[in-house]
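All values below come from the heavy atoms of this structure, side chains included, with hydrogens, waters and symmetry mates left out. Residue numbers start at 1 and run along the sequence shown.
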Amino acid sequence: MKDNSRLGIRLLAIALAVIIALVFFVHFFLNSFTSKDEFAPLIDAANEQISHISTIEQPALVEPSTTHIDLSEEQAHNTNKQKTFVEQDKSYTAHTPHPWELVEVSPVQAQLCRDMELIPLTYKEVFDSDKQETKRVYSDYYELNLSILHNDREYSIASVYNEGTEKWLKAQMKDYLDRVYDTYSEWLGPEKLFKAQINIKLALNQTQYFNALAEHDAEESAKVQGVYLPWLHTAFVKIPHNERNQIIGMRLLQVLVHESVHAINFVQFGYMHRWAQEGLAQYFTHFVETKTPELFLSYEQWERRSESLAEPLSFQDVIEPSGHWLENRSALYASSFAYVQYFSTLEKSENKLITLLNTELKQRCSVLKKGWSKTHLDPNDLLYTNIQNWFEHTVIYHSQRADELEKEIQNSRATH
């Protein structure tokens with residue numbers, strides 16, 4: 001009896017040893033296909049401050065984790081608290097879904113826009129002792145989720161690179177995205193705005209970028225660096241690399257901000273005309289590109305962006321050719337940017353773009369009629385003449401404007 005017991009124990013021990021060996025072999029085999037060497041180095045930056053991106057050493061890589069980005073305590077609290085729904089005006093001015101890149105919006109996708117949960121911005125009341133009044137201080141503008149796609153799985157940036165890289169990237173994004181909300185608050189009033197869910201998935205290479213878009217029938221959009229698909233409330237971005245296979249940090253920030261503005265706009269305004277959507281995205285992205293965004297572009301920069309367009313297209317040409325945005329992309333993007341920049345330079349009472357955006361707030365999930373937009377933005381048929389004059393003053397004589405701005409800065413410093 002004792003011999004049988006000892007034999008059983010020996011057989012059990014041998015079986016356990018075989019199982020452990022098999023587990024170790026499988027783990028080693030799988031890891032050989034998901035090596036951290038597959039991930040590209042992240043940001044090329046000059047130093048730890050990374051205020052102006054150039055080149056840094058490859059950050060230390062961390063073994064990829066199978067977990068997604070964890071919610072912070074504050075985000076988890078917000079997820080569990082009672083949410084407020086805001087009723088929207090349903091008297092739509094148009095019923096034709098608006099094309100976004102090359103993907104047609106189906107009736108079901110349009111309905112998703114109408115059913116979107118809209119969460120007003122939170123605020124706290126603060127007493128202003130100087131003015132002897134209580135004012136509202138708004139916050140909690142958005143929730144930004146960034147993840148990296150790799151072999152049909154998602155990883156946090158920290159798990160692929162390091163926590164410092166993820167913190168830096170989100171800190172940079174916060175500065176630029178807060179500016180979007182600050183501007184819209186000034187133009188429209190913060191009480192009319194909603195918190196945005198910004199989800200961006202980063203692809204390490206063209207193949208993974210293409211496959212991710214093809215999964216949602218948007219593979220034609222893989223020709224550009226990033227695309228936002230509103231019915232998914234998600235943007236896809238291909239990480240830009242230089243010849244040393246390092247990520248071009250400034251370009252990455254530009255694309256991330258551009259697509260984030262699309263996400264913010266979709267929550268606030270729903271489907272918009274392409275010129276307004278792309279013009280606003282480029283307007284806010286311009287703050288990433290230069291320390292003096294108020295100067296718009298030099299003529300050399302304008303020529304590069306517009307592919308040698310002499311001046312902005314007429315508003316009629318910008319608003320009408322929605323089917324030709326890919327055929328004449330550079331000219332249309334540059335012109336749309338010019339129109340938004342021009343409107344932003346006007347006094348609030350004269351900025352007709354604010355009128356359009358206020359109407360978009362009421363008609364979120366429909367596209368405003370082009371005739372209505374043209375009438376309200378150009379009631380006196382002077383818009384093209386005005387923008388030509390602005391273009392000459394700002395772009396043709398860009399160097400003079402730059403000198404004037406520099407003198408203003410110097411005088412301001414001397415005064416203080």
Side-chain angles (χ1 to χ4, degrees), residues 88-89 92-94 96-101 103 105 110 113 179-181 183-188 192-194 196 224 226-230 235 257-287 293 296 305-306 312-326 328-346 348 350-379 383-384 386-387 390:
Q88 287 290 301
D89 186 349
Y92 303 115
T93 55
T96 304
H98 185 51
W100 204 290
E101 291 297 338
V103 183
V105 181
C113 173
R179 183 184 294 274
V180 178
Y181 271 94
T183 301
Y184 285 160
S185 295
E186 180 184 349
W187 286 355
L188 307 169
K192 295 181 182 179
L193 303 177
F194 306 105
V224 295
V227 60
Y228 173 71
L229 302 181
V257 170
H258 186 103
E259 302 309 328
S260 294
V261 173
H262 284 324
I264 293 171
N265 284 352
F266 187 65
V267 173
Q268 318 306 322
F269 312 116
Y271 296 108
M272 307 170 71
H273 288 303
R274 286 292 299 279
W275 77 269
Q277 184 64 261
E278 299 299 344
L280 286 164
Q282 291 185 93
Y283 172 74
F284 290 112
T285 301
H286 194 47
F287 289 90
F296 190 52
R305 282 203 176 211
S306 66
L313 297 171
S314 71
F315 187 64
Q316 182 72 21
D317 288 337
V318 169
I319 198 172
E320 285 294 341
S322 59
H324 301 293
W325 270 88
L326 291 185
N328 202 17
R329 176 186 291 274
S330 296
L332 286 161
Y333 269 62
S335 297
S336 299
F337 179 20
Y339 277 94
V340 172
Q341 181 84 10
Y342 164 72
F343 281 119
S344 72
T345 64
L346 303 177
K348 186 175 179 180
E350 299 176 4
N351 186 348
K352 301 298 183 182
L353 180 61
I354 295 177
T355 302
L356 181 140
L357 294 180
N358 267 312
T359 306
E360 290 279 9
L361 285 171
K362 299 175 183 178
Q363 312 285 347
R364 282 190 62 257
C365 300
S366 296
V367 183
L368 296 175
K369 291 180 179 178
K370 293 177 181 178
W372 183 96
S373 297
K374 187 176 186 303
T375 299
H376 284 75
L377 290 172
D378 190 15
L383 179 56
Y384 192 46
N386 291 340
I387 201 170
W390 168 83

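Between the CD atom in Q268 and the CG atom in L357 there is a gap of 10.5 Å [rounded to 0.5 Å]. Atom NE2 of H286 and atom CD of Q282 lie 10.0 Å apart (nearest 0.5 Å). From K370, atom NZ reaches atom CH2 of W275 across 12.5 Å, with rounding to the nearest 0.5 Å.
No option in F343, Y384, Y339 other than Y339 meets the ring pair (Phe, Tyr, Trp, His ring centres under 6.0 Å) test with F315.
Nearest heavy atom pair, residue V318 against residue S336, reads CG1-OG, 3.6 Å.
In this structure, the side chains of F269 and Y184 come closer than 4.5 Å at one or more pairs of heavy atoms. Residues Q316 and K374 form a side-chain contact, since some pair of their non-hydrogen atoms from C-beta on lies under 4.5 Å apart.
Two rings, from F296 and Y342, have their centers 6.0 Å or more apart.
Using a distance-only test at 3.5 Å, with no hydrogens or angles considered, a donor-acceptor pair links the side chain of S335 to the main chain of L313. Side-chain atoms of E278 never come within 3.5 Å of backbone atoms of F337 as a donor-acceptor pair (strictly under, hydrogens ignored). Side-chain atoms of K348 come within 3.5 Å of backbone N or O of E186 as a donor-acceptor pair. A donor-acceptor pair under 3.5 Å is formed between the side chain of E259 and the backbone N or O of Y228.
Surrounding CZ of R305 are more than 12 heavy atoms belonging to other residues, nucleotides or ligands, all under 6.0 Å away.
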Practice item. May I have the step-by-step check of side chain to side chain contact (heavy atoms under 4.5 Å, CB included) for L353 and S344, ending in yes or no? Key: CA-CA 8 Å; L353 180 61; S344 72; over 6 Å; no

